[in-house]
Amino acid sequence: MHTSFADQLAGLDLAGFSIGPAPVSTSDFPVREAVVQTLEAVWSDLFAMVSGTALEADAEDLGWAFVNIFHRSAERKSTALDRATDEVRALIATADGSEVHTHELETQVERAQCAESAMLALEEMREVAAGLYLNEFGSSWKPVSSSRFNHSAMLTSALVEGRDFLRARAEAKRRAAVPEGTPVVFAGGRTRHATEDEALTFGNNVWATLDKVRERMPDMVLIHGGDTKGVDRLASSWAERRGIPQVTFSLDMRLGARAGFKRNERMLSLDPRYVIAFPGNGVLERLVIEAKARRITVVDRRGPLGTNPKNTSARTD
């Protein structure tokens with residue numbers, strides 16, 4: 001009998017099941033100060049433990065996995081929210097005005113709010129952990145095969161009509177996937193430098209150039225290829241430090257030799273205000289040519305150590 005009962009419990013889908021009122025306010029979740037203090041302490045203890053051991057070489061992988069714990073949890077809550085939203089949409093489509101139907105709709109909206117609140121809380125934890133990763137390793141944290149959405153929206157009201165909830169949910173998803181602002185394309189390849197001083201000069205020129213463009217376009221959204229081993233990594237780290245939204249266009253390797261050119265088309269289709277070009281290959285050269293043909297301002301930094309090639313001195317104009 002015990003085995004039969006256990007089997008029945010194992011067959012139940014208890015995802016999202018809760019007892020009591022749905023947590024739909026920030027007071028139902030850990031406050032930011034507690035999140036920051038706790039994650040900083042765990043992070044410090046983790047790397048103090050592996051420092052000086054054979055696992056020190058794997059420190060960055062461990063740090064990435066630490067952030068990914070919160071990212072994956074937030075994704076699962078987002079999936080639960082999508083399912084509940086679909087239920088709300090279906091109930092609205094079959095509305096008959098009965099008390100039973102109205103109660104069921106309110107229950108589904110409440111369940112969706114619960115998932116939304118948890119998703120936002122977990123995303124905030126991920127962002128705190130991603131900040132620790134950035135400080136430790138100097139690069140922006142990026143998931144392997146998904147986007148790093150940050151909805152950062154106000155929680156939906158505890159009392160909300162079904163259609164209003166759907167509109168609010170659609171708007172929150174749109175803002176997360178398509179940040180508002182002026183697109184600025186950043187492009188460059190993988191570079192090698194003879195000395196650490198040259199590498200530092202190149203990195204400083206990248207950041208100084210991006211800072212100048214930001215002065216002209218405070219609402220800029222950085223568009224780049226997301227290469228974690230090239231100059232995109234420097235740009236991504238700059239954007240995270242400055243709180244600038246990013247949109248990455250990875251290469252579609254199924255396109256073979258056309259992958260880079262196709263990515264150029266996709267980035268330019270956003271009608272960017274600027275294209276910032278650092279040293280790269282022929283695909284980047286083509287991007288610059290096409291941008292100029294479209295009358296897009298090109299900030300050319302393809303000279304030595306990321307300088308303007310028109311300048312004879314190695315400095316950022």
Side-chain angles (χ1 to χ4, degrees), residues 139-140 142 145-148 174-193 202-240 242 244-312 314-317:
S139 61
S140 180
K142 179 183 177 184
S145 59
S146 60
S147 297
R148 180 179 158 186
R174 188 196 66 77
R175 286 199 306 268
V178 186
E180 294 182 358
T182 304
V184 172
V185 170
F186 179 94
R190 299 183 181 184
T191 59
R192 293 179 178 273
H193 303 284
F202 180 80
N204 287 339
N205 284 339
V206 170
W207 279 47
T209 300
L210 288 166
D211 279 334
K212 285 188 175 182
V213 172
R214 186 193 181 197
E215 289 176 4
R216 301 173 187 174
M217 289 290 157
D219 68 336
M220 69 181 285
V221 176
L222 189 67
I223 315 297
H224 60 88
D227 183 5
T228 58
K229 296 182 180 179
V231 70
D232 287 346
R233 175 172 177 162
L234 293 173
S236 183
S237 297
W238 172 88
E240 188 149 344
R242 301 290 193 263
I244 302 298
Q246 305 177 58
V247 177
T248 61
F249 286 87
S250 300
L251 289 173
D252 186 350
M253 304 311 297
R254 296 172 298 179
L255 299 176
R258 297 188 298 111
F261 299 103
K262 184 62 177 178
R263 177 167 65 184
N264 288 352
E265 293 177 12
R266 295 167 65 195
M267 292 194 297
L268 291 178
S269 70
L270 300 178
D271 296 324
R273 178 65 180 84
Y274 292 97
V275 168
I276 304 172
F278 277 81
N281 55 20
V283 176
L284 183 139
E285 300 299 320
R286 190 64 196 172
L287 174 67
V288 171
I289 293 172
E290 292 178 0
K292 290 181 177 179
R294 299 186 186 204
R295 300 185 181 278
I296 299 171
T297 303
V298 175
V299 181
D300 196 343
R301 295 295 183 269
R302 291 175 292 168
L305 301 182
T307 58
N308 188 326
K310 295 180 180 180
N311 292 348
T312 56
R315 64 179 179 80
T316 304
D317 65 351

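Fair warning: this is a prediction, and the values are worked out from it, not measured in the lab.
- A distance of 12.0 Å separates NZ in Lys229 from OG in Ser139, rounded to the nearest 0.5 Å.
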Can you check side chain to side chain contact (heavy atoms under 4.5 Å, CB included) on Arg301 and Asn308, steps first, answer last?
CA-CA 5 Å; Arg301 295 295 183 269; Asn308 188 326; 3.9 Å; yes

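- When atom types are taken as modelled, the side chain of Asp232 and the backbone of Gly226 share a donor-acceptor pair closer than 3.5 angstrom.
- Listed here is the closest heavy atom pair of Val213 and Tyr274: CG1-CD1, 4.0 Å.
- Separation of atoms NZ (Lys142) and OG1 (Thr248) is listed at 4.5 Å; rounding is to 0.5 Å.
- The nearest pair of heavy atoms linking Glu240 to Gln246 is N-NE2, 4.0 Å.
- With rounding to the nearest 0.5 Å, the separation of CG in Leu234 from CZ in Phe278 is 9.0 Å.
- Contact check for Pro309 versus Asp300: side-chain heavy atoms found under the 4.5 Å cut-off.
- For the pair Glu215 and Lys212, the salt-bridge criterion is not met [side-chain N within less than 4.0 Å of a carboxylate O].
- The heavy-atom pair separating Arg214 from Ile244 by the smallest distance is NE-CD1, 3.6 Å.
- No side-chain donor-acceptor contact under 3.5 Å links Lys262 to the backbone of Asp252.
- The two residues Ala235 and Val206 come nearest to each other via the heavy atoms N-CG1, 4.5 Å.
- Remark: Ile223 CD1 to Thr182 OG1 distance equals 10.5 Å, nearest 0.5 Å.
- For the residue pair Arg273 / Thr297, a side-chain donor-acceptor distance below 3.5 Å is found, with atom types taken as modelled.
- In this structure, CE on Met217 lies 14.5 Å from CG on Leu210, to the nearest 0.5 angstrom.
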Report task. Could you go through the side chain to side chain contact (heavy atoms under 4.5 Å, CB included) check for Val299 and Val184 one step at a time? Result -> CA-CA 10 Å; Val299 181; Val184 172; over 6 Å; no

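- Heavy-atom minimum distance, Pro279 versus Phe202: CD-CE1, 4.2 Å.
- Annotation: side chain of Arg263 is not in contact with side chain of Val283 (no heavy-atom distance under 4.5 Å).
- Taking both residues in full, the closest heavy atoms of Val275 and Ala291 are given as CG2-CB, 3.9 Å, listed atom of the first, atom of the second, then distance.
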Test side chain to side chain contact (heavy atoms under 4.5 Å, CB included) on Val231 and Thr191 and set out the steps. CA-CA 7 Å; Val231 70; Thr191 59; 5.7 Å; no

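- Electrostatic pairing of Arg242 and Asp211 counts as a salt bridge here, judged by a charged N lying under 4.0 Å from a carboxylate O.
- Remark: side-chain polar atoms of Ser236 are not paired, donor with acceptor, to backbone N or O of Arg233 under 3.5 angstrom.
- In this structure, CZ on Arg286 lies 9.5 Å from CG on Asn264, to the nearest 0.5 angstrom.
- A donor-acceptor pair under 3.5 Å is formed between the side chain of Asn205 and the backbone N or O of Leu305.
- A search for side chain to side chain donor-acceptor pair (under 3.5 Å) contacts involving Arg190 returns Asp227, not counting sequence neighbours.
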